[in-house]
Amino acid sequence: MALLLAPFVAAPRADAAEDGARAPKTASKSQARQREREYDGGVVRTSRCMAACHDRGSGRDACLQTCAKRAERVSHPPATATLEQLSACLDDCYSDTTLRRTDRETCKLTCEQIATLAGPKSRQSRE
């Protein structure tokens, strides 16, 4: 019985040492935010910017264009069609007057997820 337990007792220490060696170094908050923006192509940030535009009234279109221009500055920007779809989806979230506040937030998150899944622009469309 002792022979069967010995490998299992030694394994956690070896695994812990390997995990410690592979663990990423602690990054600053700004580096973590930058990685997050690059990972999702700036979709979450753009979505929040576009959502804030819905309270602007007549300046809404200019605000949406500014948000789209900011989205182009990230390293893997979303495609123009994705940004248009995101804007239309958010518009639907705000125009539906039957939605409660929590439902509207869920709607916005769904829009962000759909846009994130669309992925960044392809290389051909950037050139």
Side-chain angles (χ1 to χ4, degrees):
M1 195 71 140
L3 292 175
L4 292 175
L5 292 177
F8 296 108
V9 172
R13 286 183 286 186
D15 289 342
E18 286 178 10
D19 290 343
R22 280 188 246 142
K25 298 193 184 335
T26 305
S28 69
K29 287 184 180 183
S30 64
Q31 289 172 332
R33 277 187 248 130
Q34 181 64 29
R35 278 196 313 269
E36 179 183 316
R37 275 186 242 129
E38 290 175 0
Y39 171 76
D40 73 354
V43 169
V44 172
R45 187 174 176 191
T46 303
S47 174
R48 291 178 184 159
C49 180
M50 288 180 169
C53 293
H54 285 279
D55 297 332
R56 301 274 170 125
S58 62
R60 182 176 160 269
D61 290 336
C63 181
L64 290 172
Q65 289 174 355
T66 301
C67 294
K69 287 178 185 175
R70 287 181 185 166
E72 291 293 324
R73 294 183 195 153
V74 298
S75 56
H76 303 290
T80 304
T82 302
L83 292 176
E84 290 171 1
Q85 181 183 13
L86 176 62
S87 179
C89 185
L90 291 170
D91 191 39
D92 290 343
C93 293
Y94 279 93
S95 63
D96 188 351
T97 58
T98 63
L99 291 179
R100 291 178 281 160
R101 184 171 182 248
T102 54
D103 295 334
R104 183 164 287 113
E105 292 300 316
T106 302
C107 183
K108 290 175 5 184
L109 285 173
T110 302
C111 294
E112 288 174 8
Q113 290 173 345
I114 291 169
T116 300
L117 290 174
K121 280 185 189 177
S122 65
R123 288 182 182 238
Q124 291 112 6
S125 64
R126 279 191 227 164
E127 295 173 351

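Position 1 is the first residue of the sequence, and the numbers go up from there.
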field: Neighbour count above 12 (heavy atom, 6.0 Å) for R60 CZ
entry: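 Yes, CZ of R60 has more than 12 neighbouring heavy atoms, counting only those of other groups under 6.0 Å.
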
message: If you apply the rule disulfide (SG to SG under 2.5 Å), what do you find for C89 with C107, and how did you get there?
response: CA-CA 8 Å; C89 185; C107 183; 5.2 Å; no

Closest heavy-atom pair and its distance - [X], [Y]:
{"X": "V43", "Y": "A115", "value": "CG1-CB, 3.5 Å"}
{"X": "T46", "Y": "C67", "value": "CG2-O, 4.0 Å"}
{"X": "L90", "Y": "A51", "value": "CD1-N, 4.1 Å"}

message: Per the salt bridge (Lys or Arg N to Asp or Glu O under 4.0 Å) rule, what does the pair list look like for residues 97-106, sequence neighbours excluded?
response: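 Those involving residues 97-106 are R100-D103, E105-K108.
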
query: Looking only at the SG atoms, are C53 and C63 under 2.5 Å from each other?
result: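 Disulfide present: SG-SG distance under 2.5 Å.
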
What is the distance from atom [atom1] of [X] to atom [atom2] of [Y], rounded to the nearest 0.5 Å?
{"X": "L86", "Y": "D91", "atom1": "CG", "atom2": "CG", "answer": "11.0 Å"}
{"X": "L99", "Y": "C93", "atom1": "CG", "atom2": "SG", "answer": "7.0 Å"}
{"X": "E72", "Y": "K69", "atom1": "CD", "atom2": "NZ", "answer": "10.5 Å"}
{"X": "L109", "Y": "T116", "atom1": "CG", "atom2": "OG1", "answer": "10.0 Å"}
{"X": "Q65", "Y": "M50", "atom1": "CD", "atom2": "CE", "answer": "10.0 Å"}

- request: Start with the C-alpha distance between R45 and R70, add both sets of side-chain angles, then the distance that settles side chain to side chain contact (heavy atoms under 4.5 Å, CB included), and finish with yes or no.
  value: CA-CA 9 Å; R45 187 174 176 191; R70 287 181 185 166; 5.6 Å; no

Listed once per pair and sorted, the ring pair (Phe, Tyr, Trp, His ring centres under 6.0 Å) pairs that draw on residues 50-73, sequence neighbours left out: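 For residues 50-73: H54-Y94.
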
task: Would you check, one step at a time, whether the test side chain to side chain contact (heavy atoms under 4.5 Å, CB included) holds for Q85 with I114?
output: CA-CA 9 Å; Q85 181 183 13; I114 291 169; 3.7 Å; yes

message: Treating T110 as the side-chain partner and T106 as the backbone partner, does any N or O pair qualify as donor plus acceptor under 3.5 Å?
response: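 Answer holds: yes.
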
- prompt: Taking S87 for the side chain and L83 for the main chain, is one N or O donor matched with an acceptor at less than 3.5 Å?
  reply: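 No, the answer is negative, given that no donor and acceptor are paired below the 3.5 Å cut-off.
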
